[in-house]
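Written below as structure tokens is the structure these notes are about.
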Amino acid sequence: GQLDTTCHAFVGETVVLPCTTTPPGELALSKSMLYWQIGTKQLVHFFQNGQDSLEGQDEKFHNRTSLFPDQMKHGNLSLKISNVQLGDDAEYSCIYRQTESHQTKKSTIKLNVSAAPRIEEPPSPSEQNQIPSGSPMDVPSLAVLPLSFLLLVPLGLWHL
């Protein structure tokens with residue numbers, strides 16, 4: 001199958017993998033099944049008969065996935081994954097099946113996970129040499145460093 005969309009997330013973030021069905025009108029959730037899975041064997045989230053059914057869920061997703069129950073009947077079948085891990089990087093399938101009509105809809109979402117961006121920069125060697133060791137000047141010079149570091153952080157974030 002082809003990809004319908006690609007999502008990006010950093011480790012530790014919460015990401016929503018989008019999946020919607022298009023027919024207007026309300027979905028009969030009590031007569032339908034929704035699978036979120038990786039490949040054919042790894043079950044990420046399963047919903048049937050109007051409720052979550054997570055017995056067969058892959059352990060690494062335990063307590064980290066959720067749907068949007070109040071929006072599902074209007075066709076929003078998106079999956080929320082919290083505390084994203086590098087191992088979550090995969091192609092996810094959203095498979096919606098109506099029990100009575102046996103209509104099946106499937107979409108594929110690729111999740112790209114990156115390690116969290118680091119803003120901390122080690123101090124340059126020249127800064128370290130300016131602090132005299134063992135002199136009474138230790139205290140004031142050390143107090144200046146954290147302040148400049150605190151100013152760097154918001155500025156670094158601003159440019160992202």
Side-chain angles (χ1 to χ4, degrees), residues 1-124 145-160:
Q2 81 210 46
L3 278 180
D4 293 288
T5 188
T6 302
C7 295
H8 300 271
F10 287 113
V11 169
E13 285 186 341
T14 295
V15 68
V16 174
L17 304 183
C19 182
T20 52
T21 62
T22 40
E26 295 198 353
L27 302 179
L29 294 177
S30 58
K31 299 175 184 153
S32 52
M33 293 186 281
L34 173 64
Y35 299 84
W36 272 95
Q37 61 190 44
I38 298 171
T40 52
K41 298 195 170 64
Q42 198 173 4
L43 187 64
V44 179
H45 201 99
F46 180 49
F47 181 93
Q48 69 173 349
N49 302 327
Q51 60 187 14
D52 288 334
S53 177
L54 302 177
E55 294 80 30
Q57 182 185 41
D58 189 291
E59 280 184 16
K60 75 173 190 173
F61 289 104
H62 194 60
N63 290 333
R64 292 201 297 125
T65 60
S66 60
L67 301 168
F68 296 87
D70 50 333
Q71 298 170 31
M72 286 178 70
K73 62 176 180 283
H74 303 297
N76 181 355
L77 309 176
S78 302
L79 178 75
K80 183 160 79 173
I81 303 176
S82 54
N83 189 17
V84 170
Q85 302 299 311
L86 281 174
D88 297 344
D89 189 297
E91 277 185 21
Y92 292 76
S93 298
C94 168
I95 303 160
Y96 174 73
R97 181 174 298 151
Q98 289 177 320
T99 327
E100 289 175 339
S101 62
H102 297 289
Q103 273 190 306
T104 301
K105 294 183 165 46
K106 178 179 176 180
S107 65
T108 306
I109 295 94
K110 172 85 179 88
L111 175 60
N112 291 328
V113 181
S114 317
R118 307 224 168 212
I119 301 162
E120 303 158 49
E121 291 176 19
S124 65
L145 277 177
L147 180 64
S148 61
F149 177 69
L150 284 172
L151 289 172
L152 278 174
V153 173
L155 289 173
L157 283 171
W158 189 257
H159 292 293
L160 282 179

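If you read the sequence from its start, that first residue is 1, and numbering goes on from there.
In terms of the side chain to side chain donor-acceptor pair (under 3.5 Å) criterion, Glu59 has no residue partners (sequence neighbours excluded). In this structure Thr99 satisfies the side chain to side chain donor-acceptor pair (under 3.5 Å) test with no other residue, sequence neighbours excluded. In this structure, the side chain to side chain donor-acceptor pair (under 3.5 Å) partners of Gln98, at least two apart in sequence or on a different chain, are Ser101.
Looking at Glu55 and Ser53, their side chains do bring a donor and an acceptor atom within 3.5 Å of each other.
Taking 4.5 Å as the limit, every side-chain heavy atom of Asn112 sits out of range of all side-chain heavy atoms of Cys7.
The heavy-atom pair separating Gly75 from Leu27 by the smallest distance is CA-CD1, 3.8 Å. Taking every heavy atom of both residues into account, Ser93 and Thr108 meet most closely at OG-OG1, 4.4 Å. Smallest separation of non-hydrogen atoms from Ala9 and Leu111: CB-CD1, 4.3 Å.
For the atom pair Gln48 CD and Leu29 CG, the distance stands at 12.5 Å (nearest 0.5 Å). In this structure, Ile109 CD1 and Cys94 SG are separated by 5.5 Å, a value rounded to the nearest 0.5 Å. Here Thr20 contributes atom OG1 and Lys105 contributes atom NZ; the two are 11.0 Å apart, rounded to the nearest 0.5 Å. Taken from NZ in Lys73 to CZ in Phe68, the straight-line distance is 14.5 Å, to the nearest 0.5 Å. Interatomic distance, Ile95 CD1 to Phe46 CZ, rounded to the nearest 0.5 Å: 10.5 Å. Rounding to the nearest 0.5 angstrom, the gap separating the OG1 atom in Thr104 from the CZ atom in Arg97 is 4.0 Å.
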Only pairs under 3.5 Å count here: list side-chain donor-acceptor contacts from residues 76-89, not counting sequence neighbours, and write none if there are none.
{"unit_1": "Asn76", "atom_1": "OD1", "unit_2": "Ser78", "atom_2": "N", "d": "2.9"}
{"unit_1": "Asn76", "atom_1": "OD1", "unit_2": "Ser78", "atom_2": "OG", "d": "2.7"}
{"unit_1": "Asn76", "atom_1": "ND2", "unit_2": "Gln71", "atom_2": "OE1", "d": "2.6"}
{"unit_1": "Ser78", "atom_1": "OG", "unit_2": "Cys19", "atom_2": "N", "d": "3.1"}
{"unit_1": "Ser82", "atom_1": "OG", "unit_2": "Arg64", "atom_2": "O", "d": "3.3"}
{"unit_1": "Asn83", "atom_1": "OD1", "unit_2": "Gln85", "atom_2": "NE2", "d": "3.0"}
{"unit_1": "Gln85", "atom_1": "NE2", "unit_2": "Asn83", "atom_2": "O", "d": "2.8"}
{"unit_1": "Asp88", "atom_1": "OD1", "unit_2": "Arg64", "atom_2": "NH2", "d": "3.0"}
{"unit_1": "Asp88", "atom_1": "OD2", "unit_2": "Arg64", "atom_2": "NH1", "d": "2.9"}
{"unit_1": "Asp88", "atom_1": "OD2", "unit_2": "Arg64", "atom_2": "NH2", "d": "3.2"}
{"unit_1": "Asp88", "atom_1": "OD2", "unit_2": "Gln85", "atom_2": "N", "d": "2.9"}
{"unit_1": "Asp89", "atom_1": "OD1", "unit_2": "Lys110", "atom_2": "NZ", "d": "2.8"}
{"unit_1": "Asp89", "atom_1": "OD2", "unit_2": "Val113", "atom_2": "N", "d": "2.9"}

Do Ile38 and Phe61 pass the side-chain contact (heavy atoms from CB on, under 4.5 Å) test, and can you show the C-alpha distance, the side-chain angles, and the key distance before you say yes or no?
CA-CA 11 Å; Ile38 298 171; Phe61 289 104; 3.9 Å; yes
Derivation of the side-chain contact (heavy atoms from CB on, under 4.5 Å) call for Gln57 and Val44:
CA-CA 6 Å; Gln57 182 185 41; Val44 179; 5.5 Å; no
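Residue pairs meeting the ring-ring contact (aromatic ring centres under 6.0 Å, His included) criterion with at least one member in residues 91-112, sequence neighbours excluded, do not occur. Applying the side chain to side chain donor-acceptor pair (under 3.5 Å) test to every pair with at least one member in residues 35-44, sequence neighbours left out, gives these pairs: Gln42-Asp58.
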